[in-house]
Amino acid sequence: VRDSSYKKVFRREPLLVDMKESYRNNDISDFKQMAQVVAASGVSVVRMGVAVQEPFLADASGVIDYALSGKRTELLDVHLMSNCRLCVSTSLGVDQLSAMSGRPRCIINLFPYKTTASFYSWDTVTVQRLRHRESGLEISLRESLELLTSRRFRGTDTLDDAGLSLIRLTPTEIRDVVLEALTEGPEHRVLSQSEQELQNQYWETLYQFYGNIRVPTPKRPRISPTLLRKYEWWLT
């Protein structure tokens, strides 16, 4: 789970770039509910990372804050990422180790939407929605893409200029999506007709703005069915 510490410690670009990419930062405490439920099911939860802002204070045996354990090594990083049952990630380079090993990933709070096309068929992806900062009203996927493409999305400053805020998943939503991905594993269940239609709506809308990133249907990642059912209006 990437937070603001990443660029502060591993800064290869000016501070301005750190601020422009703040839309990628997440709060580790939002993952606490998920970790406790997963650990209670008998599956160990290992919090990865080299530079992290806060300790992972999940009150459950089976939740390991490996990032701050004082025992992490690069070799063990590779082993854990390559052999995990599920990699839960906010889209970081290290999760490619899981992808290359055929391990399923559950990507949380992805943004911008164009990047969903870069994942694999065994991945489950969730995205951040947008709302007007002043009114608090949410906008649809189509409206979001119209704004982002017309303004040539450059980072957090583009959202600020448009008066928009990101809506991250709630801790309960993160829990539900991760449990969904954990249950399905790399071989996703067959979707119902209505669920598949929602998947198609997402991709068809995306391709209207980014036609150059078309991915064959069998190779597309799965946009979380749980979230698409919950926010079906967002696709209209």
Side-chain angles (χ1 to χ4, degrees), residues 1-3 5-6 9-10 24-111 115-128 168-189 219-227:
V1 176
R2 171 176 166 154
D3 58 36
S5 294
Y6 177 79
V9 175
F10 298 103
R24 297 184 63 189
N25 297 336
N26 284 257
D27 186 342
I28 188 63
S29 65
D30 287 345
F31 294 75
K32 178 179 177 179
Q33 185 182 153
M34 173 274 294
Q36 291 174 333
V37 171
V38 171
S41 74
V43 178
S44 296
V45 178
V46 182
R47 189 268 190 99
M48 308 290 289
V50 177
V52 297
Q53 189 173 14
E54 301 287 344
F56 192 25
L57 302 175
D59 186 19
S61 59
V63 179
I64 303 164
D65 194 351
Y66 167 70
L68 296 178
S69 67
K71 298 180 180 179
R72 68 155 297 277
T73 66
E74 291 185 356
L75 180 61
L76 191 50
D77 287 351
V78 173
H79 173 78
L80 289 167
M81 298 299 292
S82 302
N83 293 280
C84 61
R85 181 169 165 185
L86 175 70
C87 170
V88 179
S89 174
T90 55
S91 184
L92 305 170
V94 70
D95 62 41
Q96 284 292 332
L97 290 169
S98 297
M100 290 188 295
S101 301
R103 309 312 300 156
R105 292 177 294 180
C106 185
I107 305 299
I108 303 295
N109 287 330
L110 188 68
F111 193 81
T115 55
T116 50
S118 64
F119 293 90
Y120 300 99
S121 61
W122 51 87
D123 295 327
T124 298
V125 177
T126 69
V127 297
Q128 301 183 66
R168 291 183 168 82
L169 271 64
T170 66
T172 299
E173 288 171 341
I174 292 173
R175 178 202 67 192
D176 292 345
V177 169
V178 170
L179 289 175
E180 173 185 59
L182 189 63
T183 300
E184 293 192 9
E187 297 297 330
H188 292 307
R189 66 178 173 83
K219 294 185 177 181
R220 292 174 186 166
R222 175 164 291 183
I223 312 303
S224 168
T226 293
L227 265 294

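Just so you know, residue 1 is the first one in the sequence shown, and it goes up from there. Computed from heavy atoms alone, side chains included, the values below leave out hydrogens, waters and symmetry copies.
There is a side-chain donor-acceptor pair under 3.5 Å between Asn109 and Asn26.
Between Arg222 and Arg189, the closest side-chain pair of non-hydrogen atoms falls below 4.5 Å. At least one side-chain heavy atom of Cys106 sits less than 4.5 Å from a side-chain heavy atom of Val177. The side-chain heavy atoms of Val38 and Leu179, taken from C-beta on, include a pair separated by under 4.5 Å. Cys87 has its side chain within reach of Met81: a pair of non-hydrogen atoms, C-beta onward, lies under 4.5 Å apart. A 4.5 Å side-chain heavy-atom check between Tyr66 and Leu76 finds at least one atom pair inside the cut-off. The closest side-chain heavy-atom distance from Ile108 to Phe31 is below 4.5 Å.
Note that CG of Leu92 and CG of Leu97 are 11.5 Å apart. Values are rounded to the nearest 0.5 Å. Interatomic distance, Asn25 CG to Arg2 CZ, rounded to the nearest 0.5 Å: 5.5 Å. Taking OG from Ser121 and NZ from Lys219, the interatomic distance works out to 9.0 Å, rounded to the nearest 0.5 Å. Distance CG/Leu110 to OG1/Thr90: 9.5 Å, rounded to 0.5 Å. Taking OG of Ser41 as the start and CG of Leu182 as the end, the distance is 6.5 Å to the nearest 0.5 Å. Atom-to-atom distance recorded for Ile64:CD1 and Ser44:OG is 5.0 Å, nearest 0.5 angstrom.
The two residues Glu184 and His188 make their nearest non-hydrogen contact at OE1-ND1, 2.9 Å. Residue Trp122 comes nearest to Pro104 through the heavy atom pair O-CB, 3.4 Å, listed as atom of the first residue, atom of the second, then distance. Among all heavy-atom pairs drawn from Val45 and Ala35, the shortest one is CG2-O, 3.7 Å. Taking each heavy atom of Val63 and Ala39 in turn, the nearest pair found is CG2-CB, 3.7 Å.
Take Arg47 and apply the salt bridge (charged side-chain N to carboxylate O under 4.0 Å, His left out) test, not counting sequence neighbours, and it matches Asp65. Qualifying side chain to side chain contact (heavy atoms under 4.5 Å, CB included) partners for Ser101, counting only residues two or more places apart in sequence or in other chains: Ser82, Arg103. For Thr183, there are no side chain to side chain contact (heavy atoms under 4.5 Å, CB included) partners, not counting sequence neighbours. Remark: Asp27 engages Ser29, Asp30 in a side chain to side chain contact (heavy atoms under 4.5 Å, CB included) (not counting sequence neighbours). With sequence neighbours left out, Phe56 forms a ring-ring contact (aromatic ring centres under 6.0 Å, His included) with no residue at all. Under the side chain to side chain donor-acceptor pair (under 3.5 Å) criterion, Ser89 pairs with Asp95, not counting sequence neighbours. Shown here are the side chain to side chain donor-acceptor pair (under 3.5 Å) partners of Arg175, two or more places apart in sequence or in another chain: Gln33. Legend: residues meeting salt bridge (charged side-chain N to carboxylate O under 4.0 Å, His left out) with Arg24, ordered by chain and number and at least two apart, are Glu21. The side chain to side chain contact (heavy atoms under 4.5 Å, CB included) test applied to Thr226 returns Asp176, Glu180, Ser224, Arg229, not counting sequence neighbours. Taking the salt bridge (charged side-chain N to carboxylate O under 4.0 Å, His left out) definition, one finds that Arg85 meets it with nothing, sequence neighbours left out. Judged as a side chain to side chain donor-acceptor pair (under 3.5 Å), and not counting sequence neighbours, the contacts of Thr116 are Tyr202. By the side chain to side chain donor-acceptor pair (under 3.5 Å) test, Gln36 pairs with no residue at all, sequence neighbours left out.
Between Arg168 and Glu173 no salt bridge is recorded (no basic side-chain N to carboxylate O distance below 4.0 Å).
One N or O on the side chain of Asn83 and one on the backbone of His79 form a donor-acceptor pair closer than 3.5 Å. Asp3 contributes a side-chain N or O that, together with a main-chain N or O of Gln53, makes up a donor-acceptor pair within less than 3.5 Å.
Crowding of Tyr120 atom OH: a count of heavy atoms from other residues, nucleotides or ligands under 6.0 Å not exceeding 12.
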Could you go through the side-chain contact (heavy atoms from CB on, under 4.5 Å) check for Leu86 and Arg105 one step at a time? CA-CA 6 Å; Leu86 175 70; Arg105 292 177 294 180; 5.7 Å; no
